[in-house]
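Quick note on labels: first sequence line is chain A, next is B, and so on, each numbered from 1. Quick caveat: nothing in here was measured; it's all calculated off a predicted structure.
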Number of protein chains: 2
Amino acid sequence: MVRADSVRNRCKILDATRRLLSTRGNQVGMDEIASHAGVAVGTLYRHFPTKADLIDATVAELSQDLVTRLAAAADRVAAGADPIAELGVLLREFTEMAANDRAVKAAATGLAAESLRQLEERGLAQLQRIIDAARARGLLHPDITTADLALLVATAPSDTVPAVARERWLQLALRSLTP
Amino acid sequence: MVRADSVRNRCKILDATRRLLSTRGNQVGMDEIASHAGVAVGTLYRHFPTKADLIDATVAELSQDLVTRLAAAADRVAAGADPIAELGVLLREFTEMAANDRAVKAAATGLAAESLRQLEERGLAQLQRIIDAARARGLLHPDITTADLALLVATAPSDTVPAVARERWLQLALRSLTP
DNA sequence: ACCTGAACACCGTTCAAGT
DNA sequence: ACCTGAACACCGTTCAAGT
């Protein structure tokens, strides 16, 4: 039997973590997160065995956002939108998400492999739909796969790189996708 | 007046740091580095005010390696070698360097901006020579600059990415350079 | 001038006591 | 079952004493 306050606490912890992580980065202490969430440290550790786990969970929540957008983009493509343009929007959204959320990406770097694998699993089908559409119209280099896009996402520049350079990176990335 | 044992100590510290950093990554303690270098912790902090500074100095030493290779590649290009092939070798060498030296790149991520700026300053001329040669032969997309190559280097996949994916990344990166 | 190493501070993590 | 928060452990950093 799960206690009601337990699930409430878990939610409060994740909220506080996302909030603190996005503003001040990875240097927030566990005590601070706990107090902002209105729980004791022990409770925090009961829900997440380690700080890495806590951050992992937070990043996973954020990546869910991306999957939602992936699905929306796939729908637009199915409705006739330009697949390459949609891919550009997706890549931009991700880099901006990583950039706005300060050290979320920096924090995620260490566990990127795991988070991206999850993202890939759940967003794979959507991404494949976009790729198929693009290839069918001859807009995509024939050997491009979903793994390639995951690779690009994994190597997307973080917020340490200035915005202009991030935009330029996007341009180069798209260039490597087109035939 | 600089004491002889001081410069010797500095050297011993940098050697030990590079050795320990490449095998075990960023989690080596300062005490451990000190004992491996045969000095006391205080000495370590006299030479490098903070751990980040120590790692920065070590990474800077390693990047000097890359500048040397850059110069060699520029010479080969001047002697008639294929500029694109040389660029490929350079990018591969860098990613491999980052991959072999375990957390050197991971450790450097935070201070990448600074290290890369140094690298850029000192290697810029060499890189420009390669770019000019490639463009003159029509092998390079006309808008590619040294900044673009620095951007690619900065976003090169680290050792968390498997070797096959790293090779694939290289292929995609080169694709974005060619016309 | 520089080196030494015990001591400090900070922060992730644990655990005995409470409800 | 879960929460609490004082206590522990670890590691980056400092500083008084030594040469």
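- Legend: residues meeting side-chain contact (heavy atoms from CB on, under 4.5 Å) with B/Arg92, ordered by chain and number and at least two apart, are B/Glu96, B/Glu167, B/Leu170.
- At least one donor-acceptor pair closer than 3.5 Å links the side chain of A/Ser22 to the backbone N or O of A/Arg18.
- Dashed line: the shortest gap from a side-chain N or O of A/Thr50 to OP1 or OP2 of C/dT13 is under 4.0 Å.
- If you measure from atom CG of B/Asp53 to atom P of D/dT13, you get 9 Å, rounded to the nearest angstrom.
- Judged by distance alone, with hydrogens and angles left aside, the side-chain atoms of B/Arg76 form no donor-acceptor pair with the main-chain N or O of B/Ala81 at under 3.5 Å.
- Here the closest heavy-atom approach between residue A/Ala133 and residue A/Val77 is recorded as CB-CG1, 3.4 Å.
- Put simply, CD on A/Glu32 is 9 Å from P on C/dC11, counting in whole angstrom units.
- The phosphate of C/dC2 has neither OP1 nor OP2 within less than 4.0 Å of any side-chain N or O from B/His47.
- Atom CZ of B/Arg46 and atom P of D/dT13 are 17 Å apart (whole Å).
- Residues from residues 7-17 of chain A placing a heavy atom under 4.0 Å of any atom in DNA chain D, listed by number, are A/Asn9.
- If you take CG of A/Asp31 and P of D/dT4, they are 13 Å apart, rounded to a whole angstrom.
- Where pairing requires Watson-Crick or G-U contacts shorter than 3.5 Å, the helical stems of DNA chain C with at least three consecutive pairs are C:4-8 with D:12-16, C:12-16 with D:4-8.
- Applying the side-chain contact (heavy atoms from CB on, under 4.5 Å) rule to A/His141 yields the partners A/Asp143, A/Ile144, B/Arg175; only residues at least two apart in sequence or on another chain are considered.
- Checked by atom type and distance alone, the side chain of A/Arg135 never pairs as donor or acceptor with a backbone atom of A/Leu140 at under 3.5 Å.
- If you take NZ of A/Lys51 and P of C/dC10, they are 16 Å apart, rounded to a whole angstrom.
- At a non-hydrogen distance threshold of 4.0 Å, A/Val39, A/Ala40, A/Val41, A/Gly42, A/Thr43 from residues 36-45 of chain A come into contact with DNA chain D.
- Closest approach of B/Thr146 and B/Gln128 over heavy atoms only: CG2-OE1, 3.5 Å.
- Using modelled atom types, no side-chain atom of B/Asp132 and backbone atom of B/Arg129 make a donor-acceptor pair closer than 3.5 Å.
- Between the P atom of C/dC10 and the CD1 atom of A/Ile33 lies a distance of 18 Å, rounded to the nearest Å.
- Considering only residues two or more places apart in sequence or on other chains, B/Asp82 meets the salt bridge (charged side-chain N to carboxylate O under 4.0 Å, His left out) condition with none of them.
- Counting only heavy atoms from C-beta outward, the side chains of A/Ile33 and A/Leu21 never approach each other to under 4.5 Å.
- Remark: the backbone N or O of A/Ala52 is not paired with any side-chain donor or acceptor of A/Asp56 at under 3.5 angstrom.
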